[in-house]
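This report refers to the structure that appears directly beneath it.
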Amino acid sequence: MSERRLSASTGREPVGRVLVCIPTYNERENLPPVVARVRAAVPQADVLVLDDNSPDGTGEVADTIAADDEKVQVLHRAGKEGLGAAYLAGFAWGLERGYGAIVEMDADGSHQPEQLPALLDAAEHADVVIGSRWVRGGTVVNWPMSRRVLSVGGNVYVRVLLGMSVHDATGGYRVYRASALHQMDLHSVESQGYGFQVDMTWRAVKSGLTVVEVPIEFVERVFGESKMSGHIVQESLQRITRWGLQHRAGQLRSLAHREPTWHRL
């Protein structure tokens, strides 16, 4: 008989061991306080820093942190290959080592570690948890109106085109159960930049997984420069549009092949 225990209230296995993945590129000022806050907020979790060979020495800073804390590991990558590639490397690392849940978190402090316990609590009854800026209770601090319009408008576009009910499909503060990642065909993910988050959300929804949004307060970075660029936005828009057109075309084909009602009378 299996020794795995199910929660009496949810019928799901407990989340188990947690790995917090933090991708970095030129974040030497932000990384130490963020890791310290994660360790204080969820001391039972392990941290994996995914550094893309930062020229500012972030990788060396991460090594120093890891040398003093056995709960922190560093994965050095060859170069800057994009957010999606970094997270996929982190997922593979965590899945190989048997973690039950893997967290996505930015290194710049915009994703507040103190809110992670609430996301992990939600993961006890969900497959994917998104820290959402655009559900009731979610807020954004220190963003200009242009950035708000871009984010809200992008998410409305995603909902309309893909027919998803998720309000913050571009949000990058997330918890994935390992079982969910195993169902999402990660080997076929090619998206980089912020389109990666929409891609992962879309895969979760198509796989029939339970996606829950938890309101968060998103705080704009204090140190360093945002990685958002026109190229990232364009790449995301092109991919989302293609997925949406494919989705709608599939719906039309399904309707065209449906047996007319009068044939069944």
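Numbers for residues simply follow the sequence, beginning at 1. These numbers were taken from a predicted model, which means no experiment stands behind them.
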Backbone N or O of K71 within a donor-acceptor pair of the R39 side chain at under 3.5 Å? no
Exam field: side chain R17 to backbone R97, donor-acceptor pair closer than 3.5 Å: yes
Is it true that Q112 and E217 share a donor-acceptor pair across their side chains at a distance under 3.5 Å? yes
Any side-chain heavy atom of D63 within less than 4.5 Å of one from H76? yes
Using modelled atom types and a 3.5 Å cut-off, is there a donor and acceptor pairing between side-chain atoms of H167 and backbone atoms of S165? yes
Side chain of R177, backbone of A126: donor and acceptor closer than 3.5 Å? yes
Tell me if a side-chain donor or acceptor on S54 pairs with a main-chain N or O of N26 at a distance below 3.5 Å. yes
Between the main-chain N or O of T210 and the side-chain N or O of D127, is there a donor-acceptor pair closer than 3.5 Å? yes
Verify, without hydrogens or angle tests, whether K80 (side chain) and N53 (backbone) share a donor-acceptor contact under 3.5 angstrom. no
Cluster link V128 to V189, ILVMFWY, side chain under 4.5 Å: yes
Treating R203 as the side-chain partner and D185 as the backbone partner, does any N or O pair qualify as donor plus acceptor under 3.5 Å? yes
Take the angle between the ring planes of W143 and W134 and call it parallel below 30°, perpendicular above 60°, tilted in between. tilted
Y87 and Q197: CA distance, side-chain angles, deciding distance, side chain to side chain contact (heavy atoms under 4.5 Å, CB included) verdict: CA-CA 10 Å; Y87 273 132; Q197 306 297 3; 4.0 Å; yes
Please verify the inter-ring angle class for F91 with Y176; under 30° counts as parallel, over 60° as perpendicular, anything in between as tilted. perpendicular
Testing the 3.5 Å rule here: is there a donor-acceptor pair between the side chains of S110 and R133? no
Could you tell me whether E124 and R12 have a side-chain N and a carboxylate O separated by less than 4.0 Å? no
Tell me whether the count of non-hydrogen atoms from other residues, nucleotides or ligands lying under 6.0 Å of CD in E70 goes above 12. no
Transitively linked via ILVMFWY side-chain contacts under 4.5 Å: I216 with V135? no
